[in-house]
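The structure under discussion appears below in the form of structure tokens.
In each ligand, atom 1 is the first atom listed, and ligand 1 is the first ligand listed.
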Amino acid sequence: MADQLLSTVSHHSSVPDNYVRPESQRPRLHEVVRDADIPTIDLGSLDVSRVIAQVGDACSSFGFFQVVNHGVPDELMLSLMAVASEFFRLPPEEKAKHYSDDPAKKMRLSTSFNIRKETVRNWRDYLRLHCYPLEEFVPGWPSNPASFKEVVSGYCREVRQLGFRLLGLISLSLGLEEEYMVKVLGEQEQHMAVNYYPKCPEPELTYGLQAHTDPNALTILLQEPKVAGLQVLKDGKWIAVNPQPNAYVINIGDQLQALSNGRYRSVCHRAVVNSDTDRMSVASFLCPCNSAVISPPEKLVGDGSPAVYRSYTYEEYYSKFWSRNLDDEHCLELFKASDAQEA
Ligand code: OGA
Ligand code: NI
């Protein structure tokens with residue numbers, strides 16, 4: 001029910017018990033590394049071979065990077081954030097129209113991650129939209145704020161282009177032909193999560209979104225320019241991702257880890273909350289079509305490097321992902337090739 005939403009309450013003076021993590025699972029914010037950022041790559045650079053090398057390095061070491069000069073107009077990024085924050089400020093009865101906790105719904109406003117399954121909640125509300133093909137889904141999107149459909153659909157088109165360009169660079173960085181990933185992933189779905197993390201009186205006790213990897217192929221995240229919250233796991237330490245103006249945060253999802261035969265990493269990340277300000281982020285997910293067969297390219301499988309994962313369809317993977325808890329082991333572990341498991 002919509003009264004589960006955090007954004008219907010104007011002020012929280014403490015964190016309710018069902019959001020409090022057990023002591024051993026808390027964020028330990030004082031241990032987070034704040035001065036070792038993920039790489040930033042200038043997509044406007046004319047030195048394309050250098051860009052490809054930077055992409056390859058970032059994907060294999062961090063699984064994350066930021067991009068600047070990426071071609072999505074600054075004004076569009078700003079208007080998207082503006083319309084998204086306007087949406088979360090709508091009156092509760094207006095938001096209630098869109099509320100659902102059914103993960104199968106193609107447009108829904110929800111809270112936490114999957115409240116039907118989880119025992120401790122996350123300090124997050126989110127609007128989740130399917131975005132491709134736009135003609136199919138836009139009619140079902142919110143029509144309040146009045147500009148929502150137009151702004152969000154324009155944004156989705158631009159981000160899809162950026163995603164395809166990145167998949168090209170990723171393919172090249174693996175020594176594959178530029179079109180390789182785009183071809184294998186088929187007619188890709190595109191999903192969006194508009195995340196709203198209200199300010200939280202006790203950020204040490206809870207998460208905006210607990211540690212997870214993204215089940216899709218590639219994620220393109222727009223963060224608010226001034227409010228940090230995303231953290232990435234590297235060598236056992238949590239690293240804060242410092243937002244940069246007009247940049248996107250890009251991360252490798254589980255499917256690119258599988259398609260790169262484990263060379264590129266779908267890395268654990270989390271969002272933490274803070275007591276000063278609300279934070280918003282907008283994640284765009286490129287997802288293989290359901291029938292896409294995820295199996296490593298021949299070029300990346302050889303004597304020294306056997307296939308790490310068995311072949312599967314994305315449909316199989318996605319249903320497994322949603323049947324688990326977000327903090328269970330890496331979902332890809334369930335798809336290990338039998339030889340690799342024995343080794
Ligand atoms: C996600 C995600 C991080 C953030 O939506 O999958 O990891 O900073 N979001 O909101
Ligand atoms: Ni994520």
H269 NE2 to H212 NE2 via the Ni ion (ligand 2), rounded to 10°, gives 90°
- Message: Can you tell me how the ring of F87 sits relative to the ring of F148, calling it parallel under 30°, perpendicular over 60° and tilted otherwise?
- Response: tilted
Of all N, O or S atoms in D214, the one closest to the Ni ion (ligand 2) is OD1
At under 4.0 Å between heavy atoms, what of R270 touches ligand 1? The answer is neither
Note: ligand 1 atoms sitting under 4.0 Å from heavy atoms of L230 are 3 (C), 8 (O)
| K106 and E136: salt bridge (Lys or Arg N to Asp or Glu O under 4.0 Å), yes or no, with the steps? | CA-CA 11 Å; K106 299 189 173 188; E136 186 179 333; 5.4 Å; no
Per-atom filter on ligand 1: closer than 4.0 angstrom to a heavy atom of F285 are 5 (O), 6 (O)
Residues at least two apart in sequence or cross-chain that pass ring pair (Phe, Tyr, Trp, His ring centres under 6.0 Å) with Y197, listed by chain then number, are none
Is there any N or O on Y197 that sits under 3.5 Å from an N or O of ligand 1?
yes
- Task: Establish, from distance only, whether the side-chain atoms of Y264 and S173 form a donor-acceptor pair under 3.5 Å.
- Result: yes
- Does ligand 1 have any atom sitting under 4.0 Å from a heavy atom of H212? yes
Do the ring planes of Y318 and Y314 sit parallel (below 30°), tilted (30 to 60°) or perpendicular (above 60°)? tilted
Under 4.0 Å from one or more heavy atoms of N195, ligand 1 contributes atoms 5 (O), 9 (N), 10 (O)
Nearest non-hydrogen protein atom to atom 1 (C) of ligand 1, with distance, is L209 CD2, 3.7 Å
In ligand 1, the atoms that come under 4.0 Å of a heavy atom of H269 are 7 (O)
For R279, the atoms of ligand 1 under 4.0 Å from one of its heavy atoms are 4 (C), 8 (O), 10 (O)
Contacts of Y19 meeting ring pair (Phe, Tyr, Trp, His ring centres under 6.0 Å) (sequence neighbours excluded), chain-then-number -> W123
Polar side chain donor-acceptor pair, R21 to N122, under 3.5 angstrom:
yes
Once you measure the plane-to-plane angle for H269 and F64, does it fall in the parallel (<30°), tilted (30-60°) or perpendicular (>60°) bin? perpendicular
The answer for which part of A193 has a heavy atom under 4.0 Å from ligand 1 is neither
